[in-house]
Amino acid sequence: MRIPRSVREAGVGDKRVLVRADLNVPLEGGRVADDTRIRAALPTLELLLERGAAQVRLCSHLGRPKGPDPAYAIRPVEERLRELLPDERIRVVENTRFDPGETENDEGFARALADGMDVYVNDAFGSAHRAHASTEAVARVLPAYAGLLLERELRELSRLLGEVERPFLLISGGAKVEDKLGVLRNLGGRADTTLVGGKMAEELRVDNPLDFQVVLPTDVVAAAAFEREAESRVVAYDGLPDGWLGLDIGPETRSSFAEHVGRARTIFWNGPMGVFEWPRFAEGTKAVAEAVAAAPAFSVVGGADSARALSELGLEDEVSWLSTGGGAALELLEGKELPGVAAIPEA
Ligand code: 3PG
Ligand code: MG
């Protein structure tokens, strides 16, 4: 893989540095509900401050606003950042997506972001699959470097693309099936075993476009409706009553998936096994999270839902690498070039 040049090689003393981080965090009641991505951005900011940067202009998108929208103001993110890293040299600019030029990858908007700055550091791994003004065009306006998080994400994830310790186990779940087929094709062919749960498993039952074997559930927790308190029972994977939905993997599948996980030496897990935000359909995802955390393997977990399942169980430090990227991690593992990375000159 092409390695972008590192912020560690940038001369930043007395320089004004534009930093793009992925501070796209969940908000609840006007406050940051999960600050994982903010904390993940700190090492690069600390490095810049320690090395005497005169000023740091920090930018990020937040949500998917269609223009200026107070519900997506960056303010709560800035407040949390200031609690974690109070330093007057850091200025946080407003949500980049308030400007239509951001998603258009507009050079004019990139120039506005870069105005008065000397150096650009991209640390936004979670947004690196987007060719937007703050991730791509701006790297043509200022000398560009990769931040520490971006570098680490590339290093850890690319281990899955090279020689791996075997058995190599891929676990795929979640709802966005089309997003994941590319990764399944690219990594699944190299993995020794691919476990599929969640909505993915439902779709593959109807139509399986993959040309290699996957391990599908043998039983599922079926629900009469897509409702938190719906009537539910465990049925065979092939025995879903008409009109019922499989909302979690069943107990037999949980133990067989956990056995696969226990034998693996390399694991990539993306996507929950069921509707885990509803406690009655969370057991499958929990079982996988616990097994992955306990496995004596190089384990990488990507995607916001799997990450949340791990952190709700207090297991976020028990895996080898918990990626801050969902779509970005998937695209990287599909073998695609990430525009935000490609825009930075090579090391
Ligand atoms: C994410 O949360 O997946 C990233 O921040 C990218 O956000 P986006 O999917 O709205 O571009
Ligand atoms: Mg996304």
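Atoms within a ligand are numbered from 1 in the order they appear, just like the ligands themselves. Quick note: numbers below take in every heavy atom, side chains included, and nothing from hydrogens, waters or symmetry partners. In this text the structure is predicted, and so the values were computed from the model without any measurement.
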query: Any N or O on His129 sitting closer than 3.5 Å to an N or O of ligand 1?
result: no
message: What I want to know is whether His132 and ligand 1 share at least one N or O pair that is separated by under 3.5 angstrom.
response: no
Ligand-residue contact atoms, ligand 1 with Gly126, heavy atoms, under 4.0 Å: 4 (C), 6 (C)
message: Check this for me, if you would: do Arg82 and Glu79 make a salt bridge, where the nitrogen-to-carboxylate-oxygen distance has to be below 4.0 angstrom?
response: no
- prompt: Would you call Glu290 and Lys286 a salt bridge, using N to O less than 4.0 angstrom?
  reply: no
- prompt: Would Arg20 and Glu102 pass as an ion pair if we require N to O under 4.0 Å?
  reply: yes
field: Proximal ligand 1 atoms for Asp22, defined as those under 4.0 Å from one of its heavy atoms
entry: 4 (C), 5 (O)
message: Heavy-atom contact check, 4.0 Å cutoff: does Gly327 meet ligand 1?
response: no
- request: Under 4.0 Å from a heavy atom of Asn24: give me the atoms of ligand 1 that qualify, with their elements.
  value: 1 (C), 2 (O), 4 (C), 5 (O), 7 (O)
- prompt: Can you pull the ring-ring contact (aromatic ring centres under 6.0 Å, His included) pairs that have at least one residue in residues 183-236, sequence neighbours excluded?
  reply: Phe226-Trp278
statement: In terms of its nearest heavy atom to atom 3 (O) of ligand 1, the top option of Arg37, Arg64, Arg130 is Arg37
message: Heavy-atom distances under 4.0 Å decide this one: backbone, side chain, both or neither, for Arg97 against ligand 1?
response: side chain
- prompt: So, are Arg280 and Glu229 salt-bridged, with charged N and O less than 4.0 Å apart?
  reply: yes
field: Arg155 bridged to Glu151 by N-O distance under 4.0 Å
entry: no
